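Please read all numbers here as calculations on a predicted model, not as lab measurements.
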Amino acid sequence: MTKSIQSFPRRVAVLGSSGSIGRNALEVIAGSKGLLVPVLLSVHTQTDVLAEQIRQMALRGITAEMQTGKNVSAVLPRWLVVTGENADRDVLKGLPKDVEVLYGQEALCELVRRPEIDTVLSGIVGSAGLTSTWAAIEAGKTVALANKEALVMGGQLLTNLAKQTGGQLIPVDSEHSALMQALRSKTLADNTQDNIAQDAVERIILTASGGPFRTWTLEALRNVTVKDALKHPVWKMGRKITVDSATLMNKALEIIEARWLFDIPAKQIDIVIHPQSLIHSMVEFTDGSVIAQVSKPDMRLPIQTALTFPYRFPSPALKMDWTFTQTLDFYPPDLKRFPAIPLGWDVAERGGSAGAVVNAANETAVNAFLAERLPFDKIVSLCKTVLESHNYEPSPTLERLLQLDAWARTETEKVICGTT
Ligand SMILES: NC(=O)c1ccc[n+]([C@@H]2O[C@H](COP(=O)([O-])OP(=O)(O)OC[C@H]3O[C@@H](n4cnc5c(N)ncnc54)[C@H](OP(=O)(O)O)[C@@H]3O)[C@@H](O)[C@H]2O)c1
C-alpha cells in the first residue's frame with residue numbers, strides 16, 4: 001500500500017519530548033513557521049520539563065498573537081501523556097484548560113492512532129518505544145523513527161505491518177537519514193523503474209565516530225568509568241545511547257536497523273570509522289559511485305528531514321563552513337576491541353527473535369554499568385552470552401517478542417548477579 005504524500009501543516013505527536021531527540025524536535029517544530037504543529041507530547045517521569053515546554057509554547061503563542069493576531073490555543077498541544085507511574089502529577093496542575101493530560105502507556109498507544117495526528121515522532125528510548133511505534137504504524141501513520149530499538153526488536157514484523165497498513169517508517173537516526181537520501185540515487189531517471197534500480201546497490205556504509213574510546217587499548221577498556229563513557233566526543237545525547245556509542249553497540253543496533261529499514265542483507269552493510277562525523281553514511285552503487293550525505297553533526301537536521309519528508313525547508317541546524325581547511329579521516333573498525341560490530345552483523349543476519357533478545361540484554365547491561373554493577377568491557381560479551389542461551393525463533397509475534405524481551409532481561413540479571 002503506497003501512502004500519498006502528506007500535506008502541510010502536519011500535526012505531530014512528539015513521544016519522549018523531555019529527551020534529547022524530543023527537545024530537538026520541539027526546536028524544529030518551533031522554527032517551522034507553522035508547517036509542523038505539535039498535537040501531543042509524552043514524557044515518562046520528567047513532568048517538570050513537560051510543564052516548562054508548555055509554558056514556553058504558550059509564551060511563543062502570546063508573542064505570535066501580539067504580532068499576528070493568531071489564537072494562542074492553536075499552538076499548544078491538545079494532549080500530554082505521562083507514562084511513568086511515579087511521575088509527579090502536581091506540576092501539571094494549572095495548565096491551560098484546552099490541554100488534556102492523560103496517564104499510562106495504553107493511553108499513549110490509543111492516542112497515537114487518532115485521526116488528529118499525522119506524524120508520530122518516536123523518540124522514546126529503548127524497548128519501551130516499541131508498542132507506541134507499533135500502534136502508530138498499525139493505524140497507518142507516518143512515524144519519524146528515532147527509537148531504533150523498535151526496529152532492532154521487531155524489524156521484520158514492523159516493516160511488514162507498514163506494508164499492510166500504508167504506515168511509513170522514516171528514519172531519524174542521522175546515519176539512516178543519510179542512507180535514505182543516498183538510496184534515492186539508485187537511478188538517475190526521473191521516474192524510478194524499481195525493477196531496474198533495485199539491483200544497483202553494491203553496499204551501504206554506515207559511518208561511526210568511534211566514540212570516546214576509539215584509540216583506547218583493550219587493557220584500558222577494562223577500566224572505563226561511567227564518567228568516561230558519558231563523554232561523547234561529538235554528540236550530546238541521552239545516557240543509554242551515549243553508552244551504546246562508547247561500546248559501539250549503537251553501531252550494531254544501526255546495522256540491524258538498516259537491515260530492516262532498507263531490506264538489505266547484513267553482508268551488504270559495512271562500517272567505517274569517521275571521527276569528524278561530517279559524512280553521516282554512504283551508499284556504494286554497482287557502477288562504483290559512492291553517494292554520501294554531509295552536514296554538521298546536529299540532530300535537528302535529520303529530525304526535520306523526517307518530519308517534512310520528502311520536502312526540504314530551511315532548518316535551524318548548523319551549516320557546513322567551507323571557508324577553512326578540513327580533513328576527513330576514514331578507517332576500518334577494530335573488531336577485536338569493539339566486538340559489538342560482528343555481533344550486529346550476526347543478529348541482522350539471524351533476524352527472528354535474535355534482535356529482541358540482544359536488545360533487552362544490552363539495555364539491562366547498560367543499566368547495570370551505569371549503576372556500577374557491571375564493568376564496561378563486559379556489556380557486549382554479556383549480550384552475546386544471553387543471545388547464545390536463547391532458543392531461536394524465526395517468526396515470533398509481537399506478543400512473543402515482548403515475552404522474549406522480559407526473559408532476556410531476567411537472564412541478563414542472573415548472569416550479572418552470578419546466579420546462573
Ligand atoms: N539523542 C540522539 O542524538 C539520538 C540520535 C539517534 C537516535 N536516537 C535514539 O532516539 C531514542 C531517544 O534517545 P534520547 O537520546 O533522546 O534519549 P533520552 O534523552 O534518554 O530521552 C528518552 C525519552 O524517553 C522517555 N522514556 C524513558 N523511558 C520511558 C518509558 N519506559 N516509557 C515511555 N517513555 C520513556 C523519557 O522520558 P523522561 O525524560 O520523562 O524519563 C525521554 O523523554 C533512542 O532510541 C536513541 O537510540 C537518539
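His390 and Trp407 have tilted rings, their planes meeting at an angle from 30° to 60° on a 0 to 90° scale. Aromatic ring orientation, Phe262 versus His176: parallel (interplanar angle below 30°, classes split at 30° and 60°).
At distances below 3.5 Å, at least one donor-acceptor pair connects side-chain atoms of Asp228 with backbone N or O atoms of Thr225. Although no hydrogens or angles enter the test, the distance criterion places a donor-acceptor pair under 3.5 Å between the side chain of Asn160 and the main chain of Gln156. Side-chain N or O atoms of Trp345 include one that pairs as donor or acceptor with a backbone N or O of Ile269 at under 3.5 Å. With hydrogens and angles ignored, the 3.5 Å screen pairs a side-chain donor or acceptor of Lys141 with a backbone N or O of Ile117. The main-chain N or O of His274 is never found under 3.5 Å from a side-chain atom of Asp329 such that the two would form a donor-acceptor pair. Remark: side-chain polar atoms of Asn147 are paired, donor with acceptor, to backbone N or O of Gly126 under 3.5 angstrom. Between the Tyr103 side chain and the Gly84 main chain, no donor and acceptor come within less than 3.5 Å of each other. The backbone N or O of Gly238 sits less than 3.5 Å from a side-chain atom of Thr242, completing a donor-acceptor pair. No donor-acceptor distance shorter than 3.5 angstrom exists from the side chain of Ser174 to the backbone of His280, with no hydrogens or angles considered.
Judged by a 6.0 Å distance limit and a 45° cone about the ring axis, Arg337 is not positioned over the six-membered ring of Phe213.
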Fill in: Audit row: Leu401, Gln403, side-chain contact (heavy atoms from CB on, under 4.5 Å) steps and yes/no
CA-CA 5 Å; Leu401 287 178; Gln403 286 166 357; over 6 Å; no
Worksheet item: side-chain contact (heavy atoms from CB on, under 4.5 Å) between Leu36 and Val28: does it pass, once the steps are laid out?
Response: CA-CA 8 Å; Leu36 304 168; Val28 167; 4.1 Å; yes
Practice prompt. Could you give me the CA-CA distance, side-chain angles and deciding distance for Arg78 and Glu116, then say whether side-chain contact (heavy atoms from CB on, under 4.5 Å) is met?
Written response: CA-CA 10 Å; Arg78 175 163 168 195; Glu116 294 90 338; 3.3 Å; yes
Practice prompt. With side-chain contact (heavy atoms from CB on, under 4.5 Å) as the test, would you mind laying out the steps for Leu108 and Leu111 before giving the verdict?
Written response: CA-CA 5 Å; Leu108 184 62; Leu111 283 174; 5.6 Å; no
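Residues satisfying the side chain to side chain contact (heavy atoms under 4.5 Å, CB included) criterion with Ala306, sequence neighbours excluded, are Ala144, Ile170, Val172. Partners of Asn24 according to the side-chain hydrogen bond (donor to acceptor under 3.5 Å, both in side chains) rule, which considers only residues two or more places apart in sequence or in another chain, do not exist here. Residues satisfying the salt bridge (charged side-chain N to carboxylate O under 4.0 Å, His left out) test with Lys93, not counting sequence neighbours, are Asp90. When the salt bridge (charged side-chain N to carboxylate O under 4.0 Å, His left out) test is applied to Arg409, the partners found at least two apart in sequence or on another chain are Glu363, Asp405. Qualifying salt bridge (charged side-chain N to carboxylate O under 4.0 Å, His left out) partners for Glu106, counting only residues two or more places apart in sequence or in other chains: none. Contacts of Ala317 classified as side chain to side chain contact (heavy atoms under 4.5 Å, CB included), with partners at least two apart in sequence or in another chain: Asp298, Arg300, Leu301, Ser315.
Using a 4.5 Å cut-off on side-chain heavy atoms (C-beta onward), Val37 and Val12 make no contact. By the 4.5 Å heavy-atom criterion applied to side chains, Ser17 and Leu50 are counted as neighbours. For the pair Val82 and His44, the minimum side-chain heavy-atom distance is 4.5 Å or more. The shortest distance between side-chain heavy atoms of Val415 and Thr412 does not fall below 4.5 Å. Using a 4.5 Å heavy-atom threshold, the side chains of Leu374 and Ile379 count as touching. Contact annotation: the side chain of Asp270 never approaches that of Leu206 to less than 4.5 Å [non-hydrogen atoms, C-beta and beyond]. In this structure the side chain of Ile303 reaches within 4.5 angstrom of the side chain of Ile21, judged on heavy atoms. In this structure the side chain of Pro297 reaches within 4.5 angstrom of the side chain of Leu278, judged on heavy atoms.
With respect to Lys251 and Glu175, a salt bridge is recorded, a charged nitrogen being found less than 4.0 Å from a carboxylate O. For Glu413 and Arg373, the salt-bridge test passes: some basic side-chain N is under 4.0 Å from an acidic carboxylate O. A salt bridge links Glu393 with Arg400; the closest basic N to acidic carboxylate O contact falls under 4.0 Å.
Counted within 6.0 Å of CD on Glu110, heavy atoms from surrounding residues, nucleotides or ligands total 12 or fewer; the atom is thus considered open. Within 6.0 Å of atom CG in Asn391, 12 or fewer heavy atoms from other residues, nucleotides or ligands are found, so the atom counts as exposed in its surroundings. Counting heavy atoms of neighbouring residues, nucleotides and ligands inside a 6.0 Å radius, atom CD of Gln326 exceeds 12 of them. Within 6.0 Å of CZ in Phe330 there are more than 12 heavy atoms belonging to other residues, nucleotides or ligands. Residue-environment remark: NZ (Lys336) stays at or below the threshold of 12 foreign heavy atoms within 6.0 Å. Counted within 6.0 Å of CD on Glu399, heavy atoms from surrounding residues, nucleotides or ligands total 12 or fewer; the atom is thus considered open.
Rounded to the nearest 0.5 Å, atoms CG (Leu169) and CG (Leu161) are 9.0 Å apart. Taking OG of Ser177 as the reference point, atom CD of Gln304 lies at 11.0 Å (rounded to 0.5 Å). The NZ atom of Lys384 sits 7.5 Å away from atom CG of Asp346, with the distance rounded to the nearest 0.5 Å. Annotation: the span from Asn359 atom CG to Leu387 atom CG amounts to 12.0 Å, rounded to 0.5 Å. A distance of 7.0 Å separates CD of Glu202 from CD of Gln268, quoted to the nearest 0.5 Å. Taken to the nearest 0.5 Å, the CE atom of Met282 stands 11.5 Å off from the CD1 atom of Ile204.
Summarising the geometry of Thr207 relative to Ser281, their closest heavy-atom pair is N-OG, 3.3 Å, with the distance given to 0.1 Å. The shortest non-hydrogen separation linking Ala365 to Ile416 is CA-CD1, 4.5 Å. Nearest heavy atoms, Pro77 versus Leu41: CG-CG, 3.9 Å. Heavy-atom minimum distance, His232 versus Ser245: CD2-CB, 3.5 Å. The two residues Ala246 and Ala229 have their closest heavy-atom pair at CB-O, 4.1 Å. When all heavy atoms are compared, the tightest approach of Ser277 to Ser209 is OG-CB, 3.3 Å.
Judged by distance alone, the side chains of Ser122 and Thr133 do bring a donor and an acceptor atom under 3.5 Å apart. In the model, Asn367 has no side-chain atom that pairs as donor or acceptor with a side-chain atom of Lys240 under 3.5 Å.
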